[in-house]
Amino acid sequence: MKLYIGGAYQGQLELARAENPDALILSDFHETVQKAMRRGEDACAFAQSVVAAHPDAVIVANEVGAGVVPIEAQERAFREAVGRALCVVAQEARQVTRVVCGIGVRIK
């Protein structure tokens, strides 16, 4: 499994596609976690199930924990849950790439 993370519109999906043209790419993982939370699922357990089901996939997600802290408790909980879920994925990933301005920096 590989993980590509970065801020919104930083080019992580494009880089993931260019570096892994034949791989299964699970994009917008941050939004997938949010949907799982709305169904009442635990974010970390959800991430573990995705990792187990797709061990060779490429996961692409936005970093949602930077910037201004939201006023709404629900939005703060979402940011925390996504961060924790990405920790689960990063722990299991054989490669983690952070993308800024379309440039990937391997951090694992």
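Numbering starts at 1 and runs along the sequence shown.
Checking each of Val51, Leu3, Val50 against Glu92 for a side chain to side chain contact (heavy atoms under 4.5 Å, CB included) leaves exactly one that passes, namely Val51.
Shortest non-hydrogen contact noted between Leu26 and Ala57 is CD1-CB, 4.0 Å. For the residue pair Ala43 and Val33, the shortest heavy atom distance occurs at CB-CG1, 3.9 Å. The minimum heavy-atom distance linking Arg84 with Cys44 is given by the pair CB-SG, 3.7 Å. Contact detail for Gln95 and Arg106: the closest heavy-atom pair is NE2-NE, 2.7 Å. Residues His30 and Asn62 share a closest heavy-atom pair of ND1-N, 3.1 Å.
Remark: Leu15 CG to Gln10 CD distance equals 12.0 Å, nearest 0.5 Å.
Taking 4.0 Å as the cut-off between side-chain N and carboxylate O, Glu72 and Arg76 do not count as a salt-bridged pair.
Looking at residues two or more places apart in sequence or on another chain, you find no side-chain hydrogen bond (donor to acceptor under 3.5 Å, both in side chains) involving Arg17. Partners of Cys87 according to the side-chain contact (heavy atoms from CB on, under 4.5 Å) rule, which considers only residues two or more places apart in sequence or in another chain, do not exist here.
Applying the salt bridge (Lys or Arg N to Asp or Glu O under 4.0 Å) definition to pairs two or more places apart or across chains, those involving residues 27-40 are Arg39-Glu41.
In Leu24, the CG atom is crowded: over 12 heavy atoms of neighbouring residues, nucleotides or ligands sit closer than 6.0 Å.
With Arg79 contributing its side chain and Val64 its backbone, the two residues share a donor-acceptor pair below 3.5 Å.
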